[in-house]
There are 2 protein chains.
Amino acid sequence: MSISSRFSVGIHILALININKESTTTSEFLASSVNTNPAVIRKIMGMLKKAGLIEVRPGIAGSKLTKELAEITLFDVYKAVNVVQENDLFSIHDNPNPLCIVGKNVQNTIEPIFTAAQVAMEKVLISVTLEDVVKDIEAKENIS
Amino acid sequence: MSISSRFSVGIHILALININKESTTTSEFLASSVNTNPAVIRKIMGMLKKAGLIEVRPGIAGSKLTKELAEITLFDVYKAVNVVQENDLFSIHDNPNPLCIVGKNVQNTIEPIFTAAQVAMEKVLISVTLEDVVKDIEAKENIS
DNA sequence: TTAAGTTGTAACTATTTTGATTACATGTAT
DNA sequence: ATACATGTAATCAAAATAGTTACAACTTAA
């Protein structure tokens, strides 16, 4: 099972809003770039808005970032689009048998390990900003 | 979305086979400790067997580990039970529009970042052995 | 003030995965 | 031969994903 593509779509949306900042970036325009439905885009934009990453207003076409690219990390996007809950990257089977030494203690033994693994992953996301992403997109474009 | 509990159940199974090594550990016994169905246990045991972590034979009750506890990492279990595919912890939306600078390049830009995040998580799993887990389970048991 | 265009959101759908369950063939040992 | 285990397939309900349609609410401009 994979983490929802809402995350990569969220990154795509934010990068494109920035790159396209001289024009108005509507959900329809974004949808044609992402290759999905405008309603899907609007739903994700609603999450990005709720997280304070973008400004969008009913009836008004377009949207813009509320912060500088360098001030938005991929972790911010990841949290915004709600793809992995706090301390819930790994699920642990519940109600193991408390009469068994293993059943009684596995959960408490495993949980901190799973948390550490999740945190290590999230730290990588914290270390990358949208500025890094956009610069890399532009660099790749110039090469090709 | 969370990573399947097959992983935590796999750890539970291996730990219990070891702790119970003086007796025979049947799928029914394991099922009662994990609190699930024996067929579920057998399916996961089949994966652990295929990965070379345990010995089980048709018709013969019980199973044992093929290696020392200290030689089995949680990463081995994680790979065995097939909960996350290689380079596929995060899914990326496909067929973005190649006529858009972002659509054309996001995938290639994002992929290495996602891979790095996944690897960071997996490194934590590599660093923990079943011996660590079993010792912690026993320590918790002695305290309580 | 009406018309056109956009966002916000709900409802519905197909697909996929999970985890549980039942059933039974296959294999082993007494 | 009987009893018991494992191996495995088929089936099911529940949950999440991603797409689609539809429409209300809002804004702007003619």
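In what follows, every chain begins at residue 1, and chains take the letters A, B, ... in the order their sequences are listed. Everything numeric here is computed off the predicted structure, so don't read it as measured data.
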> What is the distance, rounded to the nearest whole Å, between atom CG of B:Asn95 and atom P of D:dA18?
Replying inline: 14 Å
> Once each nucleotide of nucleotides 9-21 of chain C is scored for protein heavy atoms under 4.0 Å, what B/S/- sequence comes out, 5' to 3'?
Replying inline: B-------SSSBB
>> Exactly one of B:Ile126, B:Asp132, B:Leu125 should register a side-chain contact (heavy atoms from CB on, under 4.5 Å) with B:Leu74. Which one does?
In response: B:Leu125
> Is there a side-chain polar atom (N or O) of B:Ser27 under 4.0 Å from OP1 or OP2 of D:dA5?
Replying inline: no
Under 3.5 Å donor-acceptor pairs involving side-chain atoms of residues 87-95 of chain A, not counting sequence neighbours:
residue: A:Asn87; atom: OD1; partner: A:Thr115; partner atom: OG1; Å: 2.5
residue: A:Asp88; atom: OD2; partner: B:Ser2; partner atom: OG; Å: 3.2
residue: A:Ser91; atom: OG; partner: B:Ile3; partner atom: O; Å: 2.7
residue: A:Ser91; atom: OG; partner: B:Ser5; partner atom: N; Å: 3.3
residue: A:His93; atom: ND1; partner: B:Ser8; partner atom: OG; Å: 2.9
residue: A:His93; atom: NE2; partner: B:His12; partner atom: ND1; Å: 2.9

> Residues from residues 11-19 of chain B sitting under 4.0 Å of DNA chain C, heavy atoms only?
Replying inline: none
> Judged by atom type as modelled, is there a donor-acceptor pair below 3.5 Å linking the side chain of B:Arg6 to the main-chain atoms of B:Asn82?
Replying inline: yes
> D:dC4 C1' sits how many Å from B:Phe29 CZ, rounded?
Replying inline: 17 Å
>> Does B:Glu141, at its CD atom, have more than 12 non-hydrogen atoms belonging to other residues, nucleotides or ligands within less than 6.0 Å?
In response: yes
> Any donor and acceptor pair, going by atom type alone, linking the side chain of A:Asn108 with main-chain N or O of A:Asn105 inside 3.5 Å?
Replying inline: no
Give me the distances for all protein-to-nucleotides 25-30 of chain D N/O pairs that come in under 3.5 Å?
none

> Tell me: CG of B:Asp94 to P of D:dT17, nearest whole Å?
Replying inline: 16 Å
> Within this structure, what is the CD-to-P distance between A:Glu28 and C:dT7, rounded to whole angstrom?
Replying inline: 9 Å
> Do the side chains of A:Phe7 and A:Val84 get nearer than 4.5 Å, heavy atoms only?
Replying inline: no
> Any donor and acceptor pair, going by atom type alone, linking the side chain of B:Thr66 with main-chain N or O of B:Leu53 inside 3.5 Å?
Replying inline: yes
>> Heavy atoms within less than 4.0 Å of DNA chain D: which residues of residues 101-109 of chain B have one? Give them sorted by number.
In response: none
> Quick one: are B:Leu130 and B:Asn18 in side-chain contact, heavy atoms under 4.5 Å?
Replying inline: no
>> Would the distance check show the side chain of B:Ser33 and the main-chain N or O of B:Leu30 forming a donor-acceptor pair, the cut-off being under 3.5 Å?
In response: no
> With sequence neighbours left out, which residue pairs that include part of residues 29-58 of chain A fulfil the salt bridge (charged side-chain N to carboxylate O under 4.0 Å, His left out) condition?
Replying inline: none
> How long is the line joining CD1 of A:Ile41 and C1' of D:dT20, in whole Å?
Replying inline: 14 Å
> Is any side-chain nitrogen or oxygen of B:Lys49 closer than 4.0 Å to OP1 or OP2 of D:dT6?
Replying inline: no
>> Strictly distance-based, threshold 3.5 Å: is any side-chain N or O of A:Asn142 a donor or acceptor partner for the main-chain N or O of A:Ala139?
In response: no
> Within this structure, what is the CG-to-P distance between A:Leu30 and C:dT6, rounded to whole angstrom?
Replying inline: 13 Å
> Hey, does the side chain of B:Asn97 reach the backbone of A:Ser32 with a donor-acceptor pair shorter than 3.5 angstrom?
Replying inline: yes
> Are side-chain heavy atoms of A:Ile13 and A:Ile54 found at a separation under 4.5 Å?
Replying inline: no
